[in-house]
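The basis for the numbers below is simple: all heavy atoms, side chains too, and nothing from hydrogens, waters or symmetry mates. Each ligand, and each atom within it, is numbered from 1 in the order the structure gives.
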Amino acid sequence: MKTRSIRDTTFRKEEKEVEQMEFKKKILVIGSLNMDLVVETPHMPKAGETITGKSITNVLGGKGANQAYAAGKLGGNVGMIGAVGNDACGRALKQNLECVHVDTSGIEVLENEMSGQAFITVDDNGENAIIIIAGTNGMVTKEMIQKHIKKLKESDIIIMQMEIPVETVEYVKDLASKLGKLVIIDPAPAVSNLPDSFFQGVDYMKPNETELEILTGIKIQSQEQVTVGARNMLERGVKNVIVTLGSKGCLLVTEDGEEFFPAKKVRAVDTTAAGDSFTAAFALALSEGKNSREAIQFAQKVSAIAVTRKGAQTSIPTRAEADRG
Ligand code: RIB
């Protein structure tokens, strides 16, 4: 009788993993890495008010790193381009991505510079307010992208956010579009008065209501205004817009029409990284061959779990949890 050694089994498992990785399109996240200092507070302080907080914690975050971490943890074939300082925060941020098999060789370690920082308050309703200090995220330049151009060429799906310089985001978007890559932009933090050129050729733009208002200059107070805002982005050159509407759900708007996706009801304890986990899971699902409707439904499951947990990267579910919903 032929017996199979443990070595054979391990080899087959590795072979299977490689096959699965090859089937998946490659995701490249270009963006920020931050160390988050999170203060839990009963309510947000008003201007001039002093209140007593409940706790203070350091959590690994940054919109770019959160997205790379989530896509990696969910089983994607993921790489990241970004920058950290040669400090404890930078090392921890890179290591955490490596734990979920993200290729971090595109993350530069800059001497004598400080890694990005975020100061986050989370209230009893799970709502947050965030102030970021760019640090090395502000040094992710076109030149740095050119240095890692091979990674861009080898990837299929490019995800960006706006915690690195806007010029870099637009530069990558133009380059990636020319190379036939699928470009997803999570426009956070949003910037007003961007030129139309910024929007042209973006495959998916994923603002929330506040970001939609800032980006378009259109007051968003009703579902109709959400559609008007999203259509404004289409007119300026975005191919598909997904507006996330918090606990209500999200709206997909394309030139063929629009579709509303209601959200699952959950008890949110911390909405930090809800948008990041949504974007990452959406990209991951596309990378596995799902269509945009299926990808949105998967992304909703992932972010619904993320908001029930504290912190940014600490809130991301495993693939098994996400599949169970
Ligand atoms: O989206 C959440 C993230 O925003 C936090 O992790 C913080 O670092 C800021 O970038």
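Contact between N66 and A273 at its shortest, heavy atoms only, is ND2-CB, 4.0 Å.
Residue contacts with ligand 1 leave out S32, since none of its heavy atoms falls under 4.0 Å from the ligand. Heavy-atom separations between G275 and ligand 1 are all 4.0 Å or longer.
Residue-to-ligand polar distances keep T272 apart from ligand 1: every N/O pair is separated by 3.5 Å or more.
In terms of protein heavy-atom proximity, atom 4 (O) of ligand 1 is nearest to K63 NZ, 3.0 Å. Looking only at protein heavy atoms, the nearest one to atom 10 (O) of ligand 1 is E163 OE2, 2.6 Å. Of the protein's non-hydrogen atoms, D276 OD2, 3.3 Å is the one closest to atom 2 (C) of ligand 1. Annotation: atom 3 (C) of ligand 1 to nearest protein heavy atom, N66 ND2, 3.6 Å. Annotation: atom 8 (O) of ligand 1 to nearest protein heavy atom, D36 OD1, 2.5 Å.
Remark: the T272 side chain and the N128 side chain contain an N/O donor-acceptor pair separated by less than 3.5 Å. There is a side-chain donor-acceptor pair under 3.5 Å between S115 and D87. Looking only at atom types and distance, the side chain of S55 has a donor-acceptor partner in the side chain of E40 under 3.5 Å away. With hydrogens and angles left out, the side-chain atoms of S197 and Q200 include no donor and acceptor closer than 3.5 Å. With no hydrogens or angles considered, a side-chain donor-acceptor pair links N86 and E111 at under 3.5 Å.
A salt bridge links E209 with K248: the distance from a Lys NZ or Arg NE/NH1/NH2 to an Asp or Glu carboxylate oxygen falls below 4.0 Å.
Under the 6.0 Å cut-off for aromatic ring centres, Y204 and F282 qualify, their centroids lying closer than that.
Residue N34 has at least one heavy-atom neighbour below 4.0 Å for each of these atoms of ligand 1: 7 (C), 8 (O), 9 (C), 10 (O). Near G61, meaning under 4.0 Å from any of its heavy atoms, are these atoms of ligand 1: 6 (O), 8 (O). Numbered from 1 in the order shown, with element, the atoms of ligand 1 that lie under 4.0 Å from a heavy atom of A273 read 2 (C). Using a 4.0 Å cut-off to heavy atoms of A118, the atoms of ligand 1 that qualify are 7 (C), 8 (O).
Contacts of I130 with ligand 1, taken as heavy-atom pairs under 4.0 Å, involve the side chain alone. Residue-level proximity to ligand 1 for A312 is carried by the side chain, the only part with a heavy atom below 4.0 angstrom.
Here the straight-line distance linking atom CG of N240 with atom CE of M233 works out to 12.5 Å at 0.5 Å rounding.
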